[in-house]
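Structure record follows, encoded as structure tokens.
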Amino acid sequence: MKSLFEPVQLGPLQLRNRIVMAPLTRNRAPGAVPNALMAEYYAQRAGAGLIISEATAITHQGQGYADVPGLYGTEQLDGWKKVTEAVHARGGRIFCQLWHVGRVSHVDLQPGGGKPVAPSAIAAKTKTFLIQDGRGGFVPTSEPRALDAGEIPGIVRDFGHAARNALSAGFDGVEVHGANGYLIDQFLKTGANLRGDDYGGSIENRARLLLEVVREVCAEVGRERVGLRLSPVTPANDIVDAEPQKLFDHVVKQLAPLGLAYLHLIEGATGGPREVEGRPFDYAAMLHAWRMAGAKGAWMVNNGYDRALAEQALAHAADLVAFGRPFISNPDLVERLHRNAPLNPLVRETLYGGGAQGYTDYPPLGTPAG
């Protein structure tokens, strides 16, 4: 039986346990540049078998929220080097999540104040985070424009370039963000993709961008250092598909020969219920399709896990279990899970933006009160 706390091999890397810190947007990188406070935050959580960084914009166009980090400028890479060095100094492993938000953005965040880009000119009924007059807050996203087919190969190359930058900044690998209603997920799903060209219509066409991006990233950094995040039925950022089971069974069959290090699955609604009303999904069938197509990579599960549920998942099919918000308020989450110790409560008011408060000041086990 697999143990949550045992070492495990992931491609060329040995992880100290099967616990993964999920990507968590915190909006603490002014100017899109990682900083010393971020290095402290990630180093505090290096007890995880693997840390997946907060979503990181591959280009300025790919940015959708204020004060999220980028991976396309020299100053950004220098900042990330401080983060990866701090994590490695504590024996941790860290992947960078590669992100293009697509339509989930605002003109104030786009180069030259232009419209965000998307597969089709359909606004997302959701909000993004801006800092206006020195204060952070959520505002509706801007209306996007549809990408011209001639622009898409450039975005594929941008993912590859960002992956190279990530490894040069000291990351152990990268995770392609194909989930949560962002650009790749927008191309995948019928609710956001009304294109009539080779990137729209059929399942095969809607999956084209995802597969092109993953192949490009694998070619740049090696498939054993590449993971992919998917969210088949989440309603996050106003995303929906008419036939998610058919779509994702096809996707994993196409991914299997690429030899990814892992597939990272958000089960249900991101940060919400594990079962989405009106959106049934059979994850076991998806896993079966992936394995039957020859995939050997790790199966990572995510959404609302505690120790008991994680151990149950490992006893069935999971190889790795990702924990999100518990890692925010518990830098020593692995130790707390191992001891069955109580968890620090989460201070929601400090989730997005700000400084050390609610970021690096959560106490570890054994800290005296007061």
Side-chain angles (χ1 to χ4, degrees), residues 10-11 13 15 20-29 32-34 38-39 41-42 45-46 48-59 61-65 67-72 76-77 79-81 83-84 87 92-102 104-105 129 155 158-186 210 213-214 216-218 220-221 223 225-231 234 236-237 260-266 270-271 297-298 300-303 320 322-325 327-328 352:
L10 184 72
L13 306 173
L15 311 184
V20 177
M21 177 177 164
L24 296 158
T25 296
R26 304 301 309 276
N27 306 90
R28 282 170 167 85
V33 178
M38 289 173 58
Y41 167 79
Y42 281 108
R45 290 154 178 79
L50 177 66
I51 293 171
I52 306 173
S53 82
E54 61 205 276
T56 302
I58 61 170
T59 58
Q61 183 196 72
Q63 184 180 357
Y65 301 80
D67 290 359
V68 296
L71 200 62
Y72 49 91
Q76 295 167 343
L77 300 189
W80 275 125
K81 286 176 184 176
V83 173
T84 59
V87 170
R93 298 291 190 180
I94 183 167
F95 275 35
C96 185
Q97 191 185 61
L98 307 181
W99 194 28
H100 192 306
V101 300
V104 186
S105 187
F129 183 82
I155 289 176
D158 288 338
F159 271 96
H161 184 249
R164 288 200 311 275
N165 282 346
L167 263 63
S168 72
F171 283 99
D172 297 296
V174 297
E175 177 179 282
V176 175
H177 197 342
N180 293 353
Y182 296 114
L183 184 67
I184 291 174
D185 207 22
Q186 292 159 28
L210 167 64
V213 166
V214 172
E216 178 80 8
V217 171
C218 288
E220 291 292 345
V221 302
R223 62 189 183 181
R225 293 185 183 272
V226 179
L228 170 65
R229 194 184 208 197
L230 298 172
S231 56
T234 186
N237 292 314
L260 298 181
Y262 66 81
L263 204 57
H264 179 180
L265 266 293
I266 299 173
T270 307
M300 183 190 301
V301 295
N302 183 331
N303 202 18
L320 301 165
F323 294 79
R325 290 191 173 183
F327 260 116
I328 292 178
Y352 304 109

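The first residue of the sequence shown is numbered 1, and numbering continues consecutively from there. Both backbone and side-chain heavy atoms feed into the values below; hydrogens, waters and symmetry mates do not.
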Results of ring-ring contact (aromatic ring centres under 6.0 Å, His included) for F95 - residues two or more places apart only: Y262
For Y41, all residues meeting ring-ring contact (aromatic ring centres under 6.0 Å, His included), sequence neighbours excluded: Y359
Of the non-hydrogen atoms in [X] and [Y], which two are nearest, and what is the gap between them?
| X | Y | result |
| --- | --- | --- |
| A22 | A322 | CB-CB, 4.1 Å |
| G160 | E220 | O-CG, 3.6 Å |
| F327 | A48 | CZ-CB, 3.7 Å |
| T84 | A169 | OG1-O, 2.7 Å |
| F129 | N27 | CD2-ND2, 3.5 Å |
| K81 | S168 | CE-O, 3.5 Å |

Measure the spacing between [atom1] of [X] and [atom2] of [Y] and express it to the nearest 0.5 Å.
| X | Y | atom1 | atom2 | answer |
| --- | --- | --- | --- | --- |
| L15 | L50 | CG | CG | 5.5 Å |
| H100 | D158 | NE2 | CG | 7.0 Å |
| L265 | S231 | CG | OG | 9.0 Å |
| Y352 | L24 | OH | CG | 8.5 Å |
| D185 | T234 | CG | OG1 | 8.5 Å |
| L71 | F159 | CG | CZ | 11.5 Å |

Contacts of E54 that satisfy salt bridge (charged side-chain N to carboxylate O under 4.0 Å, His left out) - sequence neighbours left out: none
Judged by atom type as modelled, is there a donor-acceptor pair below 3.5 Å linking the side chain of [X] to the main-chain atoms of [Y]?
| X | Y | answer |
| --- | --- | --- |
| W80 | G70 | yes |
| R45 | V87 | no |
| Q186 | V101 | yes |
| S105 | Q63 | yes |
| R28 | D67 | no |

Chi angles and distances behind the side chain to side chain donor-acceptor pair (under 3.5 Å) call for N180, T270: CA-CA 7 Å; N180 293 353; T270 307; 2.6 Å; yes
Worked check of side chain to side chain contact (heavy atoms under 4.5 Å, CB included) between L10 and R93: CA-CA 11 Å; L10 184 72; R93 298 291 190 180; over 6 Å; no
Would you mind reporting whether [Y] and [X] have side-chain heavy atoms less than 4.5 Å apart?
| X | Y | result |
| --- | --- | --- |
| I52 | M300 | yes |
| I58 | H161 | no |
| L230 | I266 | no |
| H177 | I184 | no |
| L260 | V176 | no |
| M21 | I94 | no |
| Q76 | T56 | no |
| V20 | H264 | no |

Geometric class of the Y182/Y65 ring pair [parallel <30°, tilted 30-60°, perpendicular >60°]: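 Ring orientation, 0 to 90° scale: perpendicular.
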